[in-house]
There are 2 protein chains.
Amino acid sequence: MKDLLPDPATFRINGRLWIEGPADRFLGIGRLELLQRIQQLGSISKAAQAMNMSYKRAWELVSSMNAQAREPLVSTQTGGQRGGGAFLTAAGVRAVVDFEALQLRFQAFVDAETARLHD
Amino acid sequence: MKDLLPDPATFRINGRLWIEGPADRFLGIGRLELLQRIQQLGSISKAAQAMNMSYKRAWELVSSMNAQAREPLVSTQTGGQRGGGAFLTAAGVRAVVDFEALQLRFQAFVDAETARLHD
DNA sequence: TTTCGTTATGTTTGCTCGGGAATAACGACC
DNA sequence: GGTCGTTATTCCCGAGCAAACATAACGAAA
């Protein structure tokens, strides 16, 4: 394989992994990061901002996840002392933990295949 | 994980895998299929047509692959008995075989993770 | 009751990527 | 030399999709 490439060291295996349902994507790397940021920052708008994503898009992703899961991953509150906010439910926390683990196994696979590519 | 989902059986892990270089993508599932079709049909335009892809795009992909590989994966001929054509070089055949194998290992990974998702 | 930052949602704007048309060159074959 | 189907390449346009914008509702706190 590597003998196909001019400078094999500069080439890598890369990829994307996600969970998909009958209608739509459910969870991927972008949605995971969004959940993590919401957990960290307590708001969808701050999370979006931190990811350089429009609030609308972030909200749509949250909405999509909440709609597909058995119970919402993110709970929101409008109004209140700081104008409102958002936090992960127990289900949301579990989703983050589980998908992080999956992502880690995938990364191991990708790294192994990259190593195989190099020799 | 599955307890997050309303009907776990309808959810799957899915993903994409590719080889990327410093500048651009080198090989992915779409480019693989294109190479396979060229091998099978002997022409870029026929391959593109079979994939419902514009000739222009197909040509660009071939050009990108040829430019990044140490030696071209696809060799072309303009003019001639049937107006010309394209075929895989030895390097091209090797690229197909090797990436097919990689894709198979990836599919196994995805299937295993989907199974894990279901229990 | 005003302020404030957020959620929630519809509308418009803008931009990028690919599609499609147009054109040239090519070379075997009749 | 005319025909044909292909490679090769440029240019323009439109669809689709995300960003940006606009607005309403909300509720705690001052």
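Quick note on labels: first sequence line is chain A, next is B, and so on, each numbered from 1.
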At what angle, to 10 degrees, do the two end axes of the helix from C:dT1-D:dA30 to C:dC30-D:dG1 meet, given five pairs define each axis?
10°

Can you run down the salt bridge (Lys or Arg N to Asp or Glu O under 4.0 Å) pairs that involve residues 39-56 of chain B, sequence neighbours left out, and say none if there aren't any?
B:Lys56-B:Glu60

Of all residues at least two apart in sequence or in a different chain, which pass the salt bridge (Lys or Arg N to Asp or Glu O under 4.0 Å) check with A:Glu100?
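None.
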
According to salt bridge (Lys or Arg N to Asp or Glu O under 4.0 Å), who are the partners of B:Arg57, at least two apart in sequence or on a separate chain?
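Once residues adjacent in sequence are excluded, B:Arg57 has no partner under the salt bridge (Lys or Arg N to Asp or Glu O under 4.0 Å) criterion.
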
Show every ring pair (Phe, Tyr, Trp, His ring centres under 6.0 Å) that has at least one partner inside residues 29-54 of chain A, sequence neighbours left out.
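Qualifying pairs: none.
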
Residue pairs passing the ring pair (Phe, Tyr, Trp, His ring centres under 6.0 Å) test where at least one lies in residues 16-38 of chain A, sequence neighbours excluded
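Non-adjacent pairs meeting ring pair (Phe, Tyr, Trp, His ring centres under 6.0 Å): A:Phe26-B:Phe11.
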
Let me confirm one number: the CG-CD distance from A:Asn14 to B:Glu20, rounded to the nearest 0.5 Å.
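Reported value, rounded in 0.5 Å steps: 4.0 Å.
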
Pull out every residue in [range] that has a heavy atom closer than 4.0 Å to any atom of DNA chain C, ordered by number, or say none.
| range | answer |
| --- | --- |
| residues 44-64 of chain A | A:Ile44, A:Ser45, A:Lys46, A:Tyr55, A:Lys56, A:Trp59 |
| residues 14-42 of chain A | none |
| residues 66-80 of chain A | A:Thr76, A:Gln77, A:Thr78, A:Gly79 |

Check: residues 80-96 of chain A side-chain donor-acceptor pairs under 3.5 Å, at least two apart:
unit_1  : atom_1 : unit_2  : atom_2 : d
A:Thr89 : OG1    : A:Pro72 : O      : 2.7
A:Thr89 : OG1    : A:Leu73 : O      : 3.3
A:Thr89 : OG1    : A:Ala91 : N      : 3.3
A:Thr89 : OG1    : A:Gly92 : N      : 3.0
A:Arg94 : NH1    : B:Asp3  : OD1    : 3.3
A:Arg94 : NH1    : B:Asp3  : OD2    : 3.1

So where does chain B start and stop touching DNA chain C, 5' to 3', when the test is distance under 4.0 Å to a non-hydrogen atom?
C:dG18 to C:dC29

Any chain of hydrophobic side-chain contacts (each under 4.5 Å) joining A:Leu32 to A:Trp59?
yes

With clusters defined by side-chain heavy atoms of hydrophobic residues (ILVMFWY) lying less than 4.5 Å apart, directly or transitively, does A:Met51 cluster with A:Leu61?
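Linked within one cluster.
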
By side chain to side chain contact (heavy atoms under 4.5 Å, CB included), B:Gln107 pairs with (sequence neighbours left out) B:Arg12, B:Val110, B:Asp111

[X] side-chain N/O to [Y] backbone N/O, donor-acceptor pair under 3.5 Å:
| X | Y | answer |
| --- | --- | --- |
| B:Arg31 | B:Arg25 | yes |
| A:Arg37 | A:Ala47 | no |
| B:Asn66 | B:Val74 | yes |

Do A:Ser45 and A:Gln49 get their side chains close enough for a donor-acceptor pair, meaning under 3.5 Å?
no

Heavy atoms from other residues, nucleotides or ligands near CZ of B:Arg105 exceed 12 (cutoff 6.0 Å):
yes

